[in-house]
Amino acid sequence: MPITTFQGLQAEAARVGPLRVAIAAAAVHEGLEAAHAIQRAGVARCVLIDAPVHLERALADADLEAAAFEILPAPGPQEAARLAMRLARDGEVDVVVKGAVPTATFLRAALDREVGVRTGRLLSHVGVYDLPGFGRLLLVSDGGVVVAPDLYQKAEIVQNAIDVAHRLGIGEPKVAVLAAAETVNPKVPATLDAASLSKMAERGQIRGGIVDGPLALDNAISESSGRQKGIRSPVLGMADVLIVPDIEAGNLLGKAMLYLGGGEMAGVVVGGRVPLVVTSRSGSRATREVSIALGVLLAGGGAT
């Protein structure tokens with residue numbers, strides 16, 4: 001059965017867990033509270049990596065005991081990220097979480113040939129959104145890693161998102177490749193890419209989902225809107241996954257769903273040896289908790 005809410009996602013992660021989770025530069029108040037909560041829920045066993053003096057102060061501020069966690073020292077954020085990736089590369093942790101590390105530094109460590117977790121697949125970000133009244137989880141990619149993907153990178157982004165959807169129990173996810181309009185227009189490159197991705201899925205170059213595009217956002221999530229425009233599509237109004245043209249579109253769409261739509265988000269970077277949890281610096285404790293739960297669920301094989 002597909003997971004349709006974050007409550008269900010966290011319950012399934014607790015069934016899969018606890019898995020070992022490394023948090024790089026972990027001395028972040030909301031992050032430490034989230035780590036404590038997911039440990040209590042049986043989702044994870046957290047390894048905190050940071051300078052001891054910073055961790056001691058942050059744990060005291062959060063009124064948490066150091067003895068509740070495994071702690072590994074690192075002199076700075078870069079070293080913490082590299083140590084976390086090395087642990088993942090060596091199979092000692094199952095998920096790596098970004099704490100007070102710049103995203104670029106964190107991802108550089110992930111791609112480092114010596115300590116990183118690259119596999120030959122493209123790393124891409126998948127945002128999972130729980131929206132009021134929507135009735136199912138909605139996946140958006142890529143709003144966090146690949147700035148201006150070409151067609152081949154978009155194909156990998158689509159495949160990564162389909163794989164995440166499978167782990168959420170969505171057997172054959174419906175994927176809408178978004179553009180500004182639902183008709184192919186040579187003057188709008190995103191529509192050409194969308195049409196190509198749809199054909200690639202038909203030919204088996206992308207597997208495991210139903211992919212169609214170009215579709216405008218309203219056509220992807222509203223069947224009545226599409227029918228008024230005379231659109232015929234197996235994805236019409238039923239999209240599980242939205243593929244955006246570039247990182248700007250993904251970032252704007254995601255934040256609109258959070259701040260205007262009242263939604264909640266979990267985010268993870270996939271394509272490496274382990275899931276990488278990359279939350280915003282402004283991310284709440286709840287966002288951090290559900291993002292780590294998502295990472296654990298993906299690492300543990302997904303929903304049953």
With a cut-off of 3.5 Å and sequence neighbours excluded, list every side-chain donor-acceptor pair involving residues 205-221.
{"unit_1": "R207", "atom_1": "NE", "unit_2": "G204", "atom_2": "O", "d": "3.3"}
{"unit_1": "D212", "atom_1": "OD1", "unit_2": "S198", "atom_2": "OG", "d": "3.4"}
{"unit_1": "D212", "atom_1": "OD2", "unit_2": "S233", "atom_2": "OG", "d": "2.5"}
{"unit_1": "D218", "atom_1": "OD2", "unit_2": "S225", "atom_2": "OG", "d": "2.9"}
{"unit_1": "D218", "atom_1": "OD2", "unit_2": "K229", "atom_2": "NZ", "d": "3.2"}
{"unit_1": "N219", "atom_1": "OD1", "unit_2": "A216", "atom_2": "N", "d": "3.2"}

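- Annotation for A181 and T191: closest pair O-CG2, 4.2 Å, computed over non-hydrogen atoms.
- Residue pairs meeting the salt bridge (charged side-chain N to carboxylate O under 4.0 Å, His left out) criterion with at least one partner in residues 77-105, sequence neighbours excluded, are R82-D112, R82-E114, R86-E114.
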task = Please lay out, stage by stage, how D240 and L139 fare under the test side chain to side chain contact (heavy atoms under 4.5 Å, CB included).
result = CA-CA 6 Å; D240 301 296; L139 282 64; 5.7 Å; no
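- Side chain of R45 to backbone of L19: no donor-acceptor contact under 3.5 angstrom is found.
- Across R273 and T119, no two heavy atoms sit closer than the pair N-CG2, 3.5 Å.
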inquiry  = Does I247 form a side chain to side chain contact (heavy atoms under 4.5 Å, CB included) with V145? I'd like the steps, not just the answer.
reply    = CA-CA 7 Å; I247 197 171; V145 175; 5.8 Å; no
Side chain to side chain contact (heavy atoms under 4.5 Å, CB included) evaluation trace for L168 with H166 = CA-CA 5 Å; L168 292 171; H166 288 166; over 6 Å; no
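- Between L32 and A58, the shortest heavy-atom distance links the atoms CD1-CB, 3.5 Å.
- For the pair V101 and F106, the tightest heavy-atom approach, listed with the atom from each and the gap, is CG1-N, 3.8 Å.
- A donor-acceptor pair under 3.5 Å links the side-chain atoms of N160 to the main chain of L122, judged by distance alone.
- Remark: side-chain polar atoms of D246 are not paired, donor with acceptor, to backbone N or O of A148 under 3.5 angstrom.
- Shown here is Q7, whose CD atom has no more than 12 heavy atoms of other residues, nucleotides or ligands within 6.0 Å.
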key: Derivation of the salt bridge (charged side-chain N to carboxylate O under 4.0 Å, His left out) call for K154 and D193   = CA-CA 8 Å; K154 286 182 180 180; D193 285 351; 3.0 Å; yes
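- A donor-acceptor distance shorter than 3.5 angstrom exists from the side chain of Q39 to the backbone of C46, with no hydrogens or angles considered.
- Within a 6.0 Å radius of CE in M200, other residues, nucleotides and ligands contribute more than 12 heavy atoms.
- Residue L83 comes nearest to P73 through the heavy atom pair CD2-O, 4.0 Å, listed as atom of the first residue, atom of the second, then distance.
- The environment of CD in Q78 is sparse: at most 12 heavy-atom neighbours from other residues, nucleotides or ligands sit within 6.0 Å.
- Looking at heavy atoms from C-beta onward, V268 lies out of side-chain contact with L276 at the 4.5 angstrom threshold.
- Of the possible polar contacts, none joining the S124 side chain to the D142 backbone as a donor-acceptor pair under 3.5 Å is found.
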